[in-house]
Amino acid sequence: MSKKKQDSLARPPYAFDVSWEDLLENKAFIKVFLSDVLEAYILKQRWYGGKASKLKYIELQEYFRIQQKGEVYYGLLLEVNYEEAFYQHYFLPIAFVSDESFAKKDRILPLSIKGQEGFIIDAVNLEAFRKLVFERIAHAEPNDTTRVSYHKSRDFADTSYVSSRFMGLEQSNTSIIINDTSVIKFFRRIYADRNPDYEMSQFLSERKGYKNTPAYQGSLSITDSENVNITIALMQELVPNQGDAWDYMLKELQKIFGNLDYKHINVHALPKTEMFQRLSIKDVPPEIIDWAGLNIFLKLQVLARRTAEMHIALGSEFEDTAFTPTHFNGDYEVWLKNRLLYQFQNRLNTVENNLHRLEGLTLDLANEFLERKNEIRKRFVNFDWTKLKGERIRVHGDYHLGQILVKDEDFYLLDFEGEPESTIRDRKVKQPPLKDVAGIFRSFHYAIYATIFGEGNNYPYSQEDLFKAGEILYRFFIGVFLGTYVEMIQEHNLNIGYSQERIFILEYCMLEKAVYELGYEMNSRPMWAIIPLEGIMSIINETN
C-alpha cells in the first residue's frame, strides 16, 4: 500500500459487486474505506487518542472474522500514521446494515453491495454483534487455540443473553453492559501483546481469588500475522456501586472543610504529624477526629487493606514468571532513570512553552519548578538499586481514586491497563508495590487541593489557611493508610524494605507521579497545573 495519505475519492454512493463475506478482499473497497471517510469518522470518536497529533494516513494492518454460524462481522486492526513520524494501532469492528433509520450518527461509509444499499457502521452499535461476542465467550471451548480465540473463566456459569447497553461516556475503550450482570470492554487502542488489564484481572480474580476486583469472566483475542497474541475484549462481572472513590472523597472533603467554620476551628492550633508516620486511629489526635470525623479514617483503613491484599496476591506467585516477585537490579535502575529523565525533560519543555497560559500562584510555582529543575533532576538520578532490599512485583500502575469503586462500605479496584503514556512493555515491568501507594497518596493530595480550589470561596478562611489545614489533613490520611497497609504487608512477608527504604521509594514515586500529572494538566487545563506543581514542591521541600 502506498505510504502516503489516501486521496479523497468520488462522493458516495459506492457500489461493489461482491458479497459482504468477500468485501474485505476487494482492493477497491479497501481504497475507499481507508480514504478521508474513515479519517473523518475516527477523528470524532471519544476513544481516539491521537487528537493532539496530525494524522497522515490510515492502513489496514489486518482483519479477521468475528462470526457465529452464518452471522459474520469483521474486526479491523488499523495502523494510524502521523506526520510526527509515529503510529498507533486501533481496533474497529464493522458491520453492514441496510436499515435507513439505524445508527445515523455512527455510519462510516454508505455503499451498495450486490445491489443492496446500506452503510458500514461500527459493529459495537449493533445489538446482534454484542450478543454474538457475549455468546461466543459464554460458550467458549476450553483451550481455544484458533486465530480468533474466545476464552471463558472456569468460574463463569453459562447464561443466556437477554439485553445489552452502553456503559456510558468513556475515553479510551468501549464498555457494554450485558444482562445487567457483566461488562464487555472492547479495547480500542491496541498493542502487540496481551493487555495488562486482561492479565491482571484473570490473575487476581480467577487464579488468586482476590474478591475486591470485578471477577474475570472471559476474553476475546486475536493472533496476528506475526504470531503475537493481542487482547481485543475483556468480560468481567458488573459490580453494583455508588460511584468511584474520587467523587466519594470530594464529598467527604467538602464536609471536612465545611467543619472548619461550623466547629470554629483554629487552623493554626491543629496538631500535626510527620510525613509517612505510621498511625492507627487511636494515634490520631482528638482534635483531628473532631474536625474530620472518624468515618473517613475508618474508610482509609479499609482502602489500605484492599490495596495490601492486592499486593499480597500479586506477590504470592512462584511459578508464572510474569508474576513472580523479583529484586532490584542494575537493568531496572537504567530503565527507570532513562524513562523518568525523558519524561521530566518533556515536562520542562511543556511548562516553558506554556508559561504565557498561566497566572498567579500557578505561574509562580511553574517558575520555581523551572528554576529548581536541576535539583529535581538530581532526585531522579539519585536511585541506587544496591541500597534497596525490597521486592518488585506486578502492580496496578495507574492507581488513583478514580480507579476504585465504592460499594456500600467497601472498595473495588479496577482498570489495570497502566499509565496511558507508557508502552505496553513498560506497563508490565515489575515495580515496588509502594509505587501504587504513592499513586493513591498523590490522589489524596489532588482531592484536597481540588476541594480548596473548587470550593474555597465557600469557606471563610484565607487560601493560605486552607492550604495549611489541607496539608495537616493530608499527613494524617497518609499516616492512617500506611499504618494499616504496612502491618498487613509485613504479616504476609511481602518485602517492601525497612522504614528508611520505604520513605525513599514513596518520595521518589510520588515525585514521579506529580511530574507525570503535570504534563496532563499543562496540556488539558493549565490552571489546574497548580496541583501537581504544589505536589512537586512539597516533596522537594519536605526532604531538604
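These numbers come from a predicted model, not from an experiment.
- Side chains of Glu534 and Leu361 form a contact here, defined as non-hydrogen atoms less than 4.5 Å apart.
- Side-chain contact of Asn374 with Arg377: a donor-acceptor pair under 3.5 Å is present, judged by distance alone.
- Using a 4.5 Å heavy-atom cutoff, the side chains of Ile440 and Ile404 are in contact.
- Side-chain atoms of Met167 and Ile176, non-hydrogen and from C-beta on, never get closer than 4.5 Å to each other.
- Between Asp155 and Arg207, no side-chain nitrogen of the basic residue sits less than 4.0 Å from a carboxylate oxygen of the acidic one, so the salt-bridge criterion is not met.
- Note: Phe91 and Phe186 have parallel aromatic rings, judged against thresholds of 30 and 60 degrees for the angle between ring planes.
- A donor and an acceptor atom, one from each side chain of Ser182 and Gln217, are located under 3.5 Å apart.
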(request) Report the C-alpha distance between Ser201 and Gln236 in whole Å, list the side-chain angles of each, state the deciding distance to 0.1 Å, and finish with yes or no for side chain to side chain donor-acceptor pair (under 3.5 Å). (result) CA-CA 8 Å; Ser201 173; Gln236 296 171 291; 3.0 Å; yes
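- His400 has its side chain out of reach of Trp246: every pair of non-hydrogen atoms, C-beta onward, lies at least 4.5 Å apart.
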(request) Could you give me the CA-CA distance, side-chain angles and deciding distance for Lys208 and Glu317, then say whether salt bridge (Lys or Arg N to Asp or Glu O under 4.0 Å) is met? (result) CA-CA 9 Å; Lys208 294 297 176 179; Glu317 179 63 28; 3.1 Å; yes
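- Gln431 is not listed as a side-chain neighbour of Arg394, based on a closest heavy-atom distance of 4.5 Å or more.
- The salt bridge (charged side-chain N to carboxylate O under 4.0 Å, His left out) pairs that include a residue from residues 404-418 are Lys185-Asp415, Lys299-Glu409, Arg306-Asp410, where partners are two or more places apart or lie in different chains.
- Between the side chains of Gln88 and Tyr90, at least one donor N or O lies within less than 3.5 Å of an accepting N or O.
- With salt bridges taken as basic N to acidic carboxylate O contacts below 4.0 Å, one links Lys337 and Glu333.
- Under the side chain to side chain donor-acceptor pair (under 3.5 Å) criterion, Glu512 pairs with Arg339, Lys435, not counting sequence neighbours.
- In this structure the side chain of Arg392 reaches within 4.5 angstrom of the side chain of Val429, judged on heavy atoms.
- Checking His327 against Asn495 by side-chain atom types alone, no donor-acceptor pair falls below 3.5 Å.
- Donor-acceptor pairing under 3.5 Å is recorded for the side chains of Asn458 and Glu455.
- In this structure, Leu401 and Leu303 approach most closely via the heavy-atom pair CD2-CD2, 4.3 Å.
- Using the six-membered ring where Trp is involved, Phe383 and Phe504 have ring planes that are tilted, between 30° and 60° apart.
- For Lys272 and Glu471, the salt-bridge test fails: no basic side-chain N is under 4.0 Å from an acidic carboxylate O.
- Side-chain contact of Ser172 with Arg188: a donor-acceptor pair under 3.5 Å is absent, judged by distance alone.
- There is a side-chain donor-acceptor pair under 3.5 Å between Asp384 and Thr386.
- In summary, the side chains of Tyr216 and Thr213 do not present any donor paired with an acceptor at a separation below 3.5 Å, with no hydrogens or angles considered.
- Residues His311 and Tyr485 bring their aromatic ring centres within 6.0 Å.
- The shortest side-chain heavy-atom distance between Ile531 and Phe453 falls under the 4.5 Å cut-off.
- Using a 4.0 Å cut-off between charged side-chain N and carboxylate O, Asp283 and Arg278 make no salt bridge.
- Remark: Lys387 does not engage Glu501 in a salt bridge, criterion side-chain N to carboxylate O under 4.0 Å.
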(request) Tell me, with the steps shown, if Arg379 and Phe344 meet side-chain contact (heavy atoms from CB on, under 4.5 Å). (result) CA-CA 11 Å; Arg379 290 291 298 277; Phe344 181 61; over 6 Å; no
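- The list of salt bridge (charged side-chain N to carboxylate O under 4.0 Å, His left out) pairs with a residue in residues 244-269, not counting sequence neighbours, reads Glu252-Lys255, Lys263-Asp290.
- For His445 and Tyr449, the distance between ring centers is under 6.0 angstrom.
- Contact record, Pro271 with Glu287: CD-CB, 3.8 Å, taken as the closest heavy-atom pair.
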(message) Run the salt bridge (Lys or Arg N to Asp or Glu O under 4.0 Å) test on Arg372 and Glu368 for me, step by step, so that the C-alpha distance in whole Å, both residues' side-chain angles and the decisive distance to 0.1 Å come before the verdict.
(response) CA-CA 6 Å; Arg372 299 177 70 178; Glu368 185 180 0; 2.8 Å; yes
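- One finds no salt bridge joining Lys513 and Glu517 here, because no Lys/Arg side-chain nitrogen approaches an Asp/Glu carboxylate oxygen to under 4.0 Å.
- Taking the six-membered ring for Trp and the full ring otherwise, the centers of Tyr474 and Phe444 sit at least 6.0 Å from each other.
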